[in-house]
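Atoms considered below: every heavy atom in the structure, side chains included; atoms not considered: hydrogens, waters and symmetry mates. Order of the sequence lines sets the chain letters (A, B, ...), proteins ahead of strands, with each chain counted from 1.
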Number of protein chains: 2
Amino acid sequence: MRLTTKGRFAVTAMLDLAMREANGPVTLAGISERQSISLSYLEQLFGKLRRSELVDSVRGPGGGYTLARIPADISVADIIAAVDEPVDATQCGGRENCHDNHRCMTHDLWTNLNATIFDYLAKVTLGSLVEKQRAKEAAAKDNNVMQDKRESSPRMTASASSAL
Amino acid sequence: MRLTTKGRFAVTAMLDLAMREANGPVTLAGISERQSISLSYLEQLFGKLRRSELVDSVRGPGGGYTLARIPADISVADIIAAVDEPVDATQCGGRENCHDNHRCMTHDLWTNLNATIFDYLAKVTLGSLVEKQRAKEAAAKDNNVMQDKRESSPRMTASASSAL
DNA sequence: CAATTCCCGACTAAATTTGTCAACTATTAA
DNA sequence: TTAATAGTTGACAAATTTAGTCGGGAATTG
């Protein structure tokens, strides 16, 4: 298992999708805008997600993507595995007799490491993430109400205000 | 924290070094041959490892690299951090106000994930890896003795024998 | 038909990996 | 002692792979 920005983008997009699919198919254009990920890249990623049967697509106006399973049945590990082609981490082709007579020293190291990371990510589902995110947003909303009073200082730059 | 082949190569090389430095400095040429990693790439990686003060270099004949600290004090996390420049995983520059008013949804997800992985890798030291590897080699040796009887077939190539 | 949206392949940019060559250091021999 | 030599690190550039972009096409809806 590899951890790159590609996988992270995919998870971000899927999380966005999971939080909105109640209102029908979600367009990539929308995800692109909300998550600041280029539309082209999303199209590429969702092509893979679709081929891995994690999402379903609906064409035409009003179309977009929906999750192929319930959020609780889609793990972060599923998503990363779908977009991040394996690349055979162990350098020895997975074969046990990696090189010379003993298996390459790091074989077990990486096998174990991969298993550890994979197990962790397999436990994290879109369902649990959506739940956490909802809770966080509710809390943030409360904080913002209080912060608004403090932050209305005179020197508020254009870039700072646009950040809202 | 990112997980790529680069970091894996570095750990492999450091493990090789840790297992051999008792006999004095270890040359990159040796590591290259044993671990099947290009010499050039090793040179580049060890430049970073040296600058991060994980290894010391000795020039001239009989020179090579040695560990800068005892194996038990060098963790896999140290090694990966040394060679794999951070690249700011969270996509929002580490700032809390990633984008729009709420921090980008995945901010906490990746923060937690990174912490989990880092904690795991910080616990794994070269010392513990060497120990495991030594145990494994001893076990493999026993197996090989038994296998040797089966494998002493007539067609043993030159390359196969040189692999010993 | 026209608008919206997914879909696919070629293209560009960036990162990884390998290759080449220069600079340094200890040994060796005269 | 000094110069030659071989072993080694260090920096730079080429080649390969991966990440990300662009343009056009196809399906669906109204």
Side-chain angles (χ1 to χ4, degrees), chain A residues 1-13 17 20-21 23-33 35-68 80 82-89 91, chain B residues 2-13 17 20-21 23-33 35-66 68 80 82-89 91:
Chain A
M1 170 134 313
R2 221 165 29 142
L3 282 178
T4 70
T5 53
K6 198 173 189 176
R8 295 176 203 260
F9 281 145
V11 173
T12 307
L17 171 53
R20 293 174 177 272
E21 71 161 357
N23 311 333
V26 179
T27 70
L28 293 189
I31 297 177
S32 170
E33 199 173 339
Q35 304 302 332
S36 307
I37 304 172
S38 94
L39 179 58
S40 315
Y41 203 26
L42 282 175
E43 287 173 344
Q44 184 179 313
L45 296 178
F46 273 76
K48 293 184 178 183
L49 292 170
R50 186 174 53 81
R51 283 186 282 277
S52 293
E53 303 188 350
L54 294 180
V55 298
D56 290 323
S57 66
V58 181
R59 289 183 158 192
Y65 285 94
T66 56
L67 295 180
I80 291 180
V83 300
D84 224 32
E85 55 272 8
V87 169
D88 177 23
Q91 148 84 354
Chain B
R2 219 167 28 140
L3 281 180
T4 72
T5 53
K6 198 173 189 175
R8 297 177 201 260
F9 280 146
V11 173
T12 305
L17 171 53
R20 294 176 175 270
E21 70 160 358
N23 310 333
V26 179
T27 70
L28 293 190
I31 297 177
S32 169
E33 198 174 339
Q35 304 303 331
S36 307
I37 305 172
S38 93
L39 179 57
S40 319
Y41 201 28
L42 282 175
E43 288 170 346
Q44 194 176 311
L45 294 178
F46 273 75
K48 292 185 178 184
L49 292 170
R50 189 178 51 83
R51 283 188 283 278
S52 293
E53 303 186 351
L54 294 180
V55 298
D56 290 324
S57 67
V58 181
R59 291 185 156 193
Y65 285 95
T66 57
I80 291 180
V83 301
D84 222 33
E85 54 272 7
V87 169
D88 177 23
Q91 148 84 355

Worksheet entry | Donor-acceptor contact present, side-chain B:Thr4 to main-chain B:Lys6, <3.5 Å | yes
Integer-rounded Å distance: [N] [atom2] and [X] [atom1]:
X	N	atom1	atom2	answer
B:Asp56	D:dT8	CG	P	17 Å
B:Ile31	D:dG7	CD1	P	18 Å
B:Asp84	C:dA15	CG	P	12 Å
B:Leu49	D:dG10	CG	P	11 Å
B:Leu42	D:dA11	CG	P	16 Å
A:Lys6	C:dA14	NZ	P	17 Å
B:Leu39	D:dA11	CG	C1'	14 Å
B:Phe9	D:dT17	CZ	C1'	12 Å

Counting only side-chain nitrogens and oxygens, does [X] get under 4.0 Å of the OP1 or OP2 atom of [N]?
X	N	result
B:Arg51	D:dT9	no
B:Arg2	C:dT16	yes
A:Tyr41	C:dA13	no

Using a cut-off of 4.0 Å on non-hydrogen atoms, how would the nucleic acid contact of [X] be classed: base, sugar-phosphate, or nothing?
X	answer
B:Phe46	nothing
B:Gly47	nothing
A:Ser57	sugar-phosphate
A:Leu28	sugar-phosphate
B:Thr4	nothing

Practice prompt. Return the minimal non-hydrogen interatomic distance between B:Ile37 and B:Ser32, and the atom names on each side.
Written response: O-OG, 2.7 Å
Worksheet item: Relative to the 5' end of DNA chain C, which residue comes earlier, A:Gln44 or A:Gly60, by the nucleotide with the nearest heavy atom?
Response: A:Gly60
Worksheet entry | Side-chain ion pair, A:Asp84 and A:Arg2, N-O less than 4.0 Å | yes
Practice prompt. For the side chain of A:Arg59, starting at C-beta, report the closest nucleotide among D:dT21, C:dC6, C:dT20.
Written response: C:dC6
Worksheet item: Out of D:dG20, C:dC6, D:dG10, which has the shortest distance to the side chain of A:Tyr65?
Response: C:dC6
Worksheet item: Taking the inter-plane angle between the rings of B:Tyr65 and B:Phe46 on a 0 to 90° scale, is it parallel (under 30°), tilted (30 to 60°) or perpendicular (over 60°)?
Response: tilted
Worksheet entry | Test item: A:Thr66 and A:Val55 side chains (from C-beta on) under 4.5 Å apart, heavy atoms | no
Discussion item. Base of D:dG20, side chain of A:Ser38 - is there a donor-acceptor contact under 3.5 Å?
Written reply: no
Worksheet item: Can you find a donor-acceptor N/O pair under 3.5 angstrom joining the side chain of A:Glu43 to the base of C:dC7?
Response: yes
Worksheet item: Hey, is CD on A:Glu53 packed in by over 12 heavy atoms from elsewhere, all under 6.0 Å?
Response: no
